[in-house]
S.K.: 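Here's a structure for you.
All figures in this text were calculated on a predicted structure; none of them were measured in a lab. Letters go in sequence order (proteins before strands), and every chain restarts at 1.
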Amino acid sequence: MTTDPSTPGVPDDAPETDDLPEQLRIRREKRERLLERGVEAYPVGVPVTHTIAAVREAYGHLEAGQETQDVVGLAGRVVFLRNTGKLCFVTLQDGEGNRLQAMLSLAEVGEESLADFKSDVDLGDHLFVHGRVGSSRRGELSVFAGEWRMAAKSLRPLPVLHKDLSEEARVRQRYVDLIARPAARDMVRVRAGVVRSLRENFHRRGFLEIETPMLQTQAGGATARPFSTHMNAFDIELFLRIAPELFLKRAVVGGVEKVFEINRNFRNEGADSTHSPEFAMLEAYEAYGDYDTIGALTQDLVQTAAQEVFGSTTVTLHDGSEYELGGEWPRLRMYESLSQSLGEEITSDTSVEHLEKLADRLGIDLGNKRFINHGKLVEVLWEHQVGDHLFAPTFVCDFPVETSPLTRDHRSAKGQVEKWDLYVRGFELGTGYSELVDPVIQRQRFEAQALLAAAGDDEAMRIDEDFLAAMEHAMPPSGGMGMGIDRLLMALTGVGVRETILFPLVKPQG
RNA sequence: GCGCCAUUAGCUCAAUUGGCAGAGCAGCUGACUCUUAAUCAGCGGGUUCUAGGUUCAAGUCCUAGAUGGCGCACCA
């Protein structure tokens with residue numbers, strides 16, 4: 001991209017078209033020509049009788065050279081154009097990528113209309129054709145057009161359709177990417193299918209979908225830096241939410257006992273191939289469940305989505321490899337697997353000093369990790385020793401208490417909490433808890449976080465009095481889970497996060 | 001945030017040691033009634049990301065910046 005993407009090479013106030021790149025100027029002139037002939041470049045509508053897909057479905061069986069007397073009107077975007085003297089071929093494409101050829105012969109459309117077609121129709125235009133359905137001598141299903149009309153004139157050239165757009169162009173001009181690249185079109189539909197599958201699965205299970213605040217006076221429910229903004233009417237600072245958790249729990253307290261939300265979270269942190277500053281998140285809470293029931297639910301959500309969208313729990317990734325999502329996903333206990341890999345017993349009593357020594361021996365750089373404590377050290381060691389090598393879907397269970405302020409203490413393991421992280425293809429896809437519902441312990445956890453915050457940890461949680469008040473009205477024992485929608489798409493398809501998000505945030509140019 | 005690499009026509013990309021900035025597709029003109037990445041003949045199209053600098057001469061070398069990709073760090 002060498003030019004302004006909003007209007008490449010075109011100053012907004014350009015009064016003349018003389019300075020435009022040649023191809024833009026010529027298309028504007030073609031539009032003018034249409035108007036001068038009294039033809040609309042952007043008519044209010046065209047008399048479509050069939051979709052491209054419907055014609056393909058109904059007439060796909062025609063043999064080469066076979067013609068019918070069935071007349072159709074259809075429209076699509078021009079993706080191929082072959083003007084051969086007195087017989088012109090044009091291929092139209094619909095939004096799903098279905099294509100159909102139209103043939104315009106001198107004999108059927110007449111000399112003037114054919115000449116206009118050749119001079120005024122470009123690749124990228126939306127075109128309407130009306131005529132009989134048949135198959136060309138070469139066996140290509142076609143509309144033998146008696147009439148054509150401009151449906152919408154494109155003022156910019158289409159990119160080369162035989163080569164993929166550069167990664168940057170794909171993201172900055174997704175609308176072009178969608179026209180040009182089948183995988184881009186597929187992703188939109190796969191994502192819609194996955195989200196629909198998740199919702200329907202929840203609905204079948206009697207969960208209610210609710211929407212909780214995006215603008216919050218205090219961003220809680222996760223450890224992350226929030227975006228902040230200002231509300232003029234109250235003259236207060238507000239934060240974009242980093243998680244819906246604390247509001248969903250308020251809903252459970254109030255009796256919305258099986259509840260979920262699929263919505264956006266915002267985190268003011270780095271952006272890379274697995275992180276986007278705004279990302280779609282699923283969270284669900286189930287009263288009288290725990291981290292085991294919610295884990296089983298999560299496994300079913302993912303497997304059912306794969307089954308419903310791809311017809312199998314064995315998914316084919318972007319690079320052509322296959323990934324197995326079926327079966328029971330193994331559970332790996334964090335302290336156990338870490339101990340096993342280190343060849344020595346690590347427990348919640350293992351000292352910070354000893355853990356630091358182990359990290360040092362393994363060559364792990366702790367220099368940039370601030371506010372280090374037992375829990376963070378165990379997690380860092382575990383990721384290095386175990387997590388980085390996980391590939392098959394795995395529930396990693398029973399985390400240190402320090403790093404999980406909203407999770408209840410383990411029913412049997414001291415110093416641990418009932419939490420799992422779901423690892424798929426080596427990245428964290430989701431997390432689940434037996435929720436902490438004891439308001440007194442919850443207050444203590446917040447106070448510990450507040451100490452970290454006071455020490456300068458800007459990701460630490462703050463004490464949320466309104467949330468605590470809600471918890472003091474008693475929340476039933478519950479299981480809860482969260483899963484990144486974008487990451488679920490990554491897991492199912494193998495593409496990067498920017499490809500799963502239709503319009504990801506991109507830095508402005510210049 | 002740090003490091004490495006990239007940025008050239010509408011799109012995708014070349015350009016040797018610092019020596020006239022090119023190709024394919026797209027576009028324009030013409031030919032062609034069965035093409036399908038049509039073919040044939042001819043012709044246009046450039047702020048080589050930006051701003052400085054070195055040099056007789058810079059797409060190429062130097063400095064700074066912008067955007068992108070990858071790796072590391074942080075994070076989900």
S.K.: Which is true for L123(A) with a 4.0 Å heavy-atom rule: it touches a base, it touches only sugar-phosphate, or it touches nothing?
M.R.: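 The residue L123(A) makes sugar-phosphate contact but no base contact.
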
S.K.: Does F427(A) reach a base, just sugar-phosphate, or nothing at all? Heavy atoms under 4.0 Å.
M.R.: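 Nothing, no nucleic acid heavy atom in range.
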
S.K.: Return the nearest nucleotide to the side chain of R267(A); candidates are A76(B), G27(B), U33(B).
M.R.: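 In terms of side-chain proximity for R267(A), the closest of A76(B), G27(B), U33(B) is A76(B).
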
S.K.: With the side chain of H162(A) defined as its heavy atoms from C-beta on, choose the nearest nucleotide among A37(B), G27(B), C11(B).
M.R.: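 Among A37(B), G27(B), C11(B), the one nearest the side chain of H162(A) is A37(B).
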
S.K.: Could you work out the separation of C70(B) and A21(B) based on their P atoms and round it to a whole Å?
M.R.: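 The answer is 35 Å between these two P atoms.
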
S.K.: Could you check which nucleotide pairs with A58(B) in any of the strands shown, counting Watson-Crick or G-U wobble with both distances under 3.5 Å?
M.R.: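 Pair assignment: A58(B) / none.
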
S.K.: When we call it a touch if two heavy atoms are under 4.0 Å apart, what does L161(A) touch: a base, just sugar-phosphate, or nothing?
M.R.: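 No contact at all - L161(A) keeps every heavy atom at 4.0 Å or more from the nucleic acid.
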
S.K.: Does the structure show a Watson-Crick or G-U wobble partner for A37(B), both distances under 3.5 Å? Name it, or say none.
M.R.: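 Partner of A37(B): none found under 3.5 Å.
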
S.K.: Side chain of E167(A): nearest nucleotide among U33(B), C11(B), G69(B)?
M.R.: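 In terms of side-chain proximity for E167(A), the closest of U33(B), C11(B), G69(B) is G69(B).
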
S.K.: Counting only side-chain nitrogens and oxygens, does S166(A) get under 4.0 Å of the OP1 or OP2 atom of U12(B)?
M.R.: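 Result: yes.
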
S.K.: Can you say whether a donor on the side chain of E168(A) sits under 3.5 Å from an acceptor on the base of G68(B), or the other way round?
M.R.: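 Donor-acceptor pair under 3.5 Å: no.
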
S.K.: Which of the following nucleotides, U12(B), C11(B), G44(B), is nearest to the side chain of V160(A)?
M.R.: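 Comparing U12(B), C11(B), G44(B) against the side chain of V160(A), the answer is C11(B).
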
S.K.: I'd like to know if E428(A) reaches the base of A76(B) with its side chain, counting only an N/O donor and acceptor under 3.5 Å.
M.R.: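 No, the side chain and the base share no sub-3.5 Å donor-acceptor pair.
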
S.K.: Taking only the P atom of each, what is the distance from U16(B) to C56(B) in whole angstrom?
M.R.: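 Approximately 22 Å lies between the P atom of U16(B) and that of C56(B).
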
S.K.: Does a salt bridge link E167(A) with R498(A), judged by any charged N lying under 4.0 Å from a carboxylate O?
M.R.: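 The answer is no: the pair does not qualify as a salt bridge.
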
S.K.: Mind checking the C1' distance from C4(B) to A9(B)? Whole angstroms is fine.
M.R.: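 Those two atoms are separated by 29 Å.
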
S.K.: By a 5.5 angstrom centroid cut-off and a 30 degree plane limit, is there stacking between F80(A) and A37(B)?
M.R.: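 Base of A37(B): not stacked against F80(A).
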
S.K.: When we call it a touch if two heavy atoms are under 4.0 Å apart, what does T223(A) touch: a base, just sugar-phosphate, or nothing?
M.R.: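 If one applies the 4.0 Å heavy-atom cut-off, T223(A) turns out to touch the sugar-phosphate alone, with no base involved.
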
S.K.: Just compare C11(B), C32(B), A76(B) and give me whichever is closest to any side-chain atom of K86(A).
M.R.: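 The closest nucleotide is C32(B).
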
S.K.: Determine the interatomic distance between C1' on G30(B) and the same-named atom on A14(B); round to the nearest Å.
M.R.: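 Pairwise C1' distance, G30(B) against A14(B), rounds to 30 Å.
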
S.K.: Is M103(A) touching bases, backbone alone, or none of the nucleic acid, heavy atoms closer than 4.0 Å?
M.R.: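 Base contact.
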
S.K.: Just how far, in rounded Å, is P of G68(B) from CD of Q173(A)?
M.R.: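 Going from CD in Q173(A) over to P in G68(B) covers 14 Å.
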
S.K.: Figure out the CZ/P separation between R156(A) and C11(B), and round it to whole Å.
M.R.: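 One finds 10 Å between P of C11(B) and CZ of R156(A), rounded.
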
S.K.: Run the ring-centre check on Y323(A) versus F391(A) and record whether the distance is less than 6.0 Å.
M.R.: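 Between F391(A) and Y323(A), which both carry aromatic rings, the centre distance is below 6.0 Å.
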
S.K.: Can you tell me which nucleotide in G10(B), G68(B), C34(B) comes closest to the side chain of R137(A)?
M.R.: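 So the side chain of R137(A) is nearest to C34(B).
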
S.K.: Does C4(B) have a Watson-Crick or wobble partner in any strand here, with both distances under 3.5 angstrom, and which is it?
M.R.: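 Pair assignment: C4(B) / G69(B).
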
S.K.: Going by ring pair (Phe, Tyr, Trp, His ring centres under 6.0 Å), W329(A) matches just one of Y423(A), W420(A), F395(A). Which one?
M.R.: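 Option passing the ring pair (Phe, Tyr, Trp, His ring centres under 6.0 Å) with W329(A): F395(A).
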
S.K.: Taking A31(B) as the reference, what is the distance to A37(B) when you measure between their P atoms (whole Å, please)?
M.R.: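 Straight-line distance between the two P atoms is 25 Å.
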
S.K.: Output yes when R25(A) and E29(A) qualify as a salt bridge under the 4.0 Å nitrogen-oxygen rule, no when they do not.
M.R.: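 Salt bridge present between R25(A) and E29(A).
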
S.K.: Apply salt bridge (charged side-chain N to carboxylate O under 4.0 Å, His left out) to the pair D164(A) and R170(A), showing each step before the final yes or no.
M.R.: CA-CA 9 Å; D164(A) 282 350; R170(A) 286 186 204 174; 3.7 Å; yes

S.K.: Pick base, sugar-phosphate or nothing for R498(A), based on heavy-atom distances below 4.0 Å to the nucleic acid.
M.R.: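 The residue R498(A) makes sugar-phosphate contact but no base contact.
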
S.K.: Please determine whether a side-chain nitrogen or oxygen atom of K163(A) lies at a distance below 4.0 Å from atom OP1 or OP2 of C11(B).
M.R.: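 No, K163(A) has no side-chain N/O under 4.0 Å of OP1/OP2 on C11(B).
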
S.K.: Checking base pairs now: Watson-Crick or wobble, both atom distances under 3.5 Å. What partners A14(B)?
M.R.: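 With both distances under 3.5 Å required, A14(B) matches none.
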
S.K.: Would you indicate what K118(A) reaches in the nucleic acid, counting non-hydrogen atoms under 4.0 angstrom: base, sugar-phosphate, or nothing?
M.R.: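 It contacts nothing in the nucleic acid.
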
S.K.: Using both distances under 3.5 Å as the test, list the Watson-Crick or G-U wobble partner of C43(B), or none.
M.R.: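 For C43(B), the partner nucleotide comes out as G27(B), under the 3.5 Å rule.
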
S.K.: Can you tell me the Watson-Crick or wobble partner of A9(B), both distances under 3.5 angstrom?
M.R.: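 Pairing partner, where one exists within any strand: none, as none qualifies.
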
S.K.: Considering every strand and a 4.0 Å limit on heavy-atom distances, what is the contact class for I26(A): base, sugar-phosphate, or nothing?
M.R.: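 Counting heavy atoms under 4.0 Å across all strands, the contact made by I26(A) is with sugar-phosphate only.
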
S.K.: Measuring from the side chain of T84(A) (C-beta onward, heavy atoms only), which nucleotide among C32(B), G10(B), C11(B) has the closest atom?
M.R.: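 Of the candidates, C32(B) comes closest.
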
S.K.: Which part of the nucleic acid, if any, lies within contact of A222(A), taking any heavy atom under 4.0 Å across all strands shown: a base, the sugar-phosphate backbone alone, or nothing?
M.R.: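 No contact at all - A222(A) keeps every heavy atom at 4.0 Å or more from the nucleic acid.
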
S.K.: Give me the distance, rounded to whole Å, that separates C11(B) from C5(B) when you measure between the C1' atoms they each carry.
M.R.: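 Each nucleotide's C1' atom is 23 Å from the other's.
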
S.K.: Using modelled atom types only, decide if a donor and an acceptor are shared between the side chain of R181(A) and the backbone of I179(A) within a distance under 3.5 Å.
M.R.: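 A pair under 3.5 Å: no.
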
S.K.: How would you label the contact of D164(A) with the nucleic acid (heavy atoms, under 4.0 Å): base, sugar-phosphate, or nothing?
M.R.: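 It contacts sugar-phosphate atoms only.
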
S.K.: Using whole Å, what does the distance between atom P of nucleotide C28(B) and atom CD of Q23(A) come to?
M.R.: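 From Q23(A) CD to C28(B) P: 8 Å.
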
S.K.: Regarding R27(A), tell me which of base, sugar-phosphate or nothing describes its non-hydrogen contacts under 4.0 Å with the strands shown.
M.R.: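 Since no nucleic acid heavy atom lies under 4.0 Å of R27(A), the category is nothing.
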
S.K.: Under 4.0 Å between a side-chain nitrogen and a carboxylate oxygen: does that hold for D486(A) and R191(A)?
M.R.: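 The answer is yes: the pair qualifies as a salt bridge.
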
S.K.: Is it true that F260(A) and F202(A) have ring centroids separated by less than 6.0 Å?
M.R.: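 Yes, close enough.
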
S.K.: Roughly how far apart, to the nearest Å, are A73(B) and A15(B) at atom C1'?
M.R.: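 That atom pair is separated by 38 Å.
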
S.K.: Please determine whether a side-chain nitrogen or oxygen atom of R172(A) lies at a distance below 4.0 Å from atom OP1 or OP2 of G68(B).
M.R.: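 Yes.
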
S.K.: Which nucleotide, in any strand shown, forms a Watson-Crick or G-U wobble pair with U50(B), with both distances under 3.5 Å?
M.R.: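 Across all strands, the one nucleotide that pairs with U50(B) is A64(B).
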
S.K.: Using the P atom as the reference point in each nucleotide, state the distance between U33(B) and G22(B) in Å, no decimals.
M.R.: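 Taking atom P in both U33(B) and G22(B), they lie 36 Å apart.
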
S.K.: Out of K30(A), R37(A), K153(A), R31(A), which one pairs with D120(A) under the side chain to side chain donor-acceptor pair (under 3.5 Å) rule?
M.R.: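 So, applying the side chain to side chain donor-acceptor pair (under 3.5 Å) to D120(A) and each of K30(A), R37(A), K153(A), R31(A), only R37(A) qualifies.
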
